Amino acid sequence: MKLEALILDVDGTLAETEEHHRRAFNRAFAEAGLDWYWDEALYHALLKVTGGRERILHFMAEHLERMPTDAVESAKRLHARKTQIYLDDLRDEGIPLRPGMLALITEAHAAGVRLAIATTTNVPNVEGLLSRALGADWRALFPVVIAGDMVATKKPAPDVYLAALAALGCCASACLALEDSAHGLASASAAGLRVFGYRSAYLPFDDLSMAIQVFEAGEIPTLTGMKAAAQRDEAVEDRNPLQA
Ligand code: XBP
Ligand code: MG
């Protein structure tokens with residue numbers, strides 16, 4: 001396999017961001033005078049809904065006596081405030097990259113493997129996370145950034161990965177993806193990519209069986225390891241084309 005590009009998910013993969021998202025949601029609710037509180041167990045369940053605004057609407061529909069009359073507008077306002085709180089948190093505290101991510105980025109860049117982002121969150125959140133973690137010129141490492149607010153349908157739909165492939169000018173067989181969620185794996189697989197799982201704190205039991213290999217807690221994804229696994233997968237596919 002000639003590896004041309006590596007496409008990385010953000011939340012839960014590049015960094016363990018979901019606890020910061022959860023706190024930002026709760027602060028936005030409190031500021032709005034709402035008695036909603038998403039504890040860790042509830043947030044873990046709500047993560048089955050991708051997209052923060054969609055998650056708020058889902059919570060309204062599933063957990064409130066009745067849907068607020070201005071639900072859509074209210075969800076939009078709450079999510080905008082949540083995003084600002086999250087961005088302030090990134091500016092003030094920052095969130096470290098997960099173990100192995102800086103080395104993976106550095107290894108790919110040195111090997112001439114282009115890097116792309118395919119995430120459900122929005123571009124300002126990616127900018128806030130990576131400018132702090134990688135420096136102001138982080139974009140030089142990631143020529144392609146596709147975010148949830150840039151496509152018609154969020155993960156598990158393939159939109160973000162198809163858009164990343166188009167922007168890279170690569171075919172799916174020359175790229176690999178790294179994801180922490182079942183939705184993310186489904187999105188990358190639906191776009192035709194070989195995808196690896198990287199077990200994350202908030203999704204310890206997500207079904208990652210669509211991955212060609214899962215890096216469990218404490219295991220570190222490396223470019224060399226991913227390329228070798230992809231080559232083994234390709235060899236099996238070549239021997240059993242009908243099972244592909
Ligand atoms: C994970 C998501 C996002 C975040 C919250 O994205 O589903 O919704 O939980 O971010 P990723 P927003 O694809 O990077 O794993 O509130 O901006 O949606
Ligand atoms: Mg993720």
Side-chain angles (χ1 to χ4, degrees), residues 6-29 36 38 40 42-60 75-90 95 97-98 101 115-130 133 142 144-151 153-164 177-191 193 195-208 210-211 214-215 217 221:
L6 178 61
I7 308 177
L8 301 175
D9 166 51
V10 173
D11 295 304
T13 299
L14 272 173
E16 289 285 12
T17 57
E18 292 298 354
E19 179 57 13
H20 294 257
H21 281 299
R22 182 182 76 89
R23 290 181 202 154
F25 279 111
N26 285 327
R27 277 211 27 221
F29 301 152
W36 308 348
W38 291 357
E40 291 178 22
L42 175 56
Y43 192 63
H44 174 272
L46 291 173
L47 274 175
K48 69 174 181 290
V49 178
T50 55
R53 187 168 43 80
E54 295 83 348
R55 199 166 296 146
I56 294 172
L57 281 168
H58 171 81
F59 170 78
M60 288 172 167
K76 208 166 159 189
R77 261 195 324 276
L78 286 166
H79 188 244
R81 180 59 190 139
K82 170 264 172 183
T83 297
Q84 192 50 59
I85 292 167
Y86 178 73
L87 286 170
D88 292 347
D89 181 15
L90 288 174
I95 303 174
L97 296 183
R98 287 190 68 186
M101 288 302 96
L115 288 161
I117 293 276
T119 178
T120 303
T121 194
N122 56 53
V123 174
N125 287 353
V126 178
E127 167 75 34
L129 175 73
L130 296 185
F142 287 92
V144 171
V145 176
I146 307 293
D149 50 356
M150 295 166 63
V151 293
T153 316
K154 291 182 170 73
K155 300 174 187 176
D159 299 38
V160 281
Y161 280 99
L162 291 173
L178 184 64
E179 271 280 353
D180 74 307
S181 68
H183 285 329
L185 287 171
S187 177
S189 301
L193 284 145
V195 55
F196 290 81
Y198 191 13
R199 187 78 63 190
S200 68
Y202 253 102
L203 297 170
F205 309 115
D206 242 28
D207 173 6
L208 304 184
M210 291 179 103
V214 177
F215 297 97

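Remember, it's a predicted structure, so these values are computed and weren't measured experimentally. Values below: all heavy atoms of this structure, side chains included; hydrogens, waters and symmetry mates excluded. Whatever order the structure lists ligands and atoms in, that order sets their numbers, starting from 1.
Remark: minimum distance from atom 3 (C) of ligand 1 to any protein heavy atom is reached at R55 NH2, 3.8 Å. Protein heavy atom at the shortest distance from atom 17 (O) of ligand 1 is T121 OG1, 2.6 Å. Looking from atom 11 (P) of ligand 1 to the surrounding protein, the closest heavy atom is D9 OD1, 3.0 Å.
Classification of the F205-H44 ring pair by plane angle, with boundaries at 30° and 60°, yields perpendicular. Ring geometry, Y43 versus F25: the interplanar angle falls from 30° to 60°, so the pair is classed tilted.
By the criterion of a heavy-atom distance under 4.0 Å, neither the backbone nor the side chain of Y202 is placed next to ligand 1. If you look at H79 next to ligand 1, the close heavy atoms, those under 4.0 Å, all belong to the side chain. Contact annotation for K155 and ligand 1: only side-chain heavy atoms (C-beta onward) come within less than 4.0 Å of the ligand.
Backbone and side-chain nitrogen or oxygen atoms of T119 are examined, and one is located within less than 3.5 angstrom of a nitrogen or oxygen of ligand 1.
Under a 4.0 Å criterion applied to the non-hydrogen atoms of G52, ligand 1 contributes the atoms 8 (O), 12 (P), 16 (O), 18 (O). Annotation for ligand 1: atoms under 4.0 Å from non-hydrogen atoms of G51 are 7 (O), 8 (O), 18 (O). Atoms of ligand 1 lying under 4.0 Å from at least one heavy atom of N125, given by number and element, are 17 (O). Interface of D11 with ligand 1, defined as ligand atoms under 4.0 Å from a residue heavy atom, comprises 1 (C), 3 (C), 4 (C), 6 (O), 11 (P), 14 (O), 15 (O).
A donor-acceptor pair is defined here as one N or O able to donate and one able to accept, closer than 3.5 Å; such a pair exists between the side chain of R98 and the backbone of G12. For R53 (side chain) and A75 (main-chain N/O), no donor-acceptor pair under 3.5 Å exists by modelled atom type.
The N, O or S atom of D9 lying closest to the Mg ion (ligand 2) is OD2.
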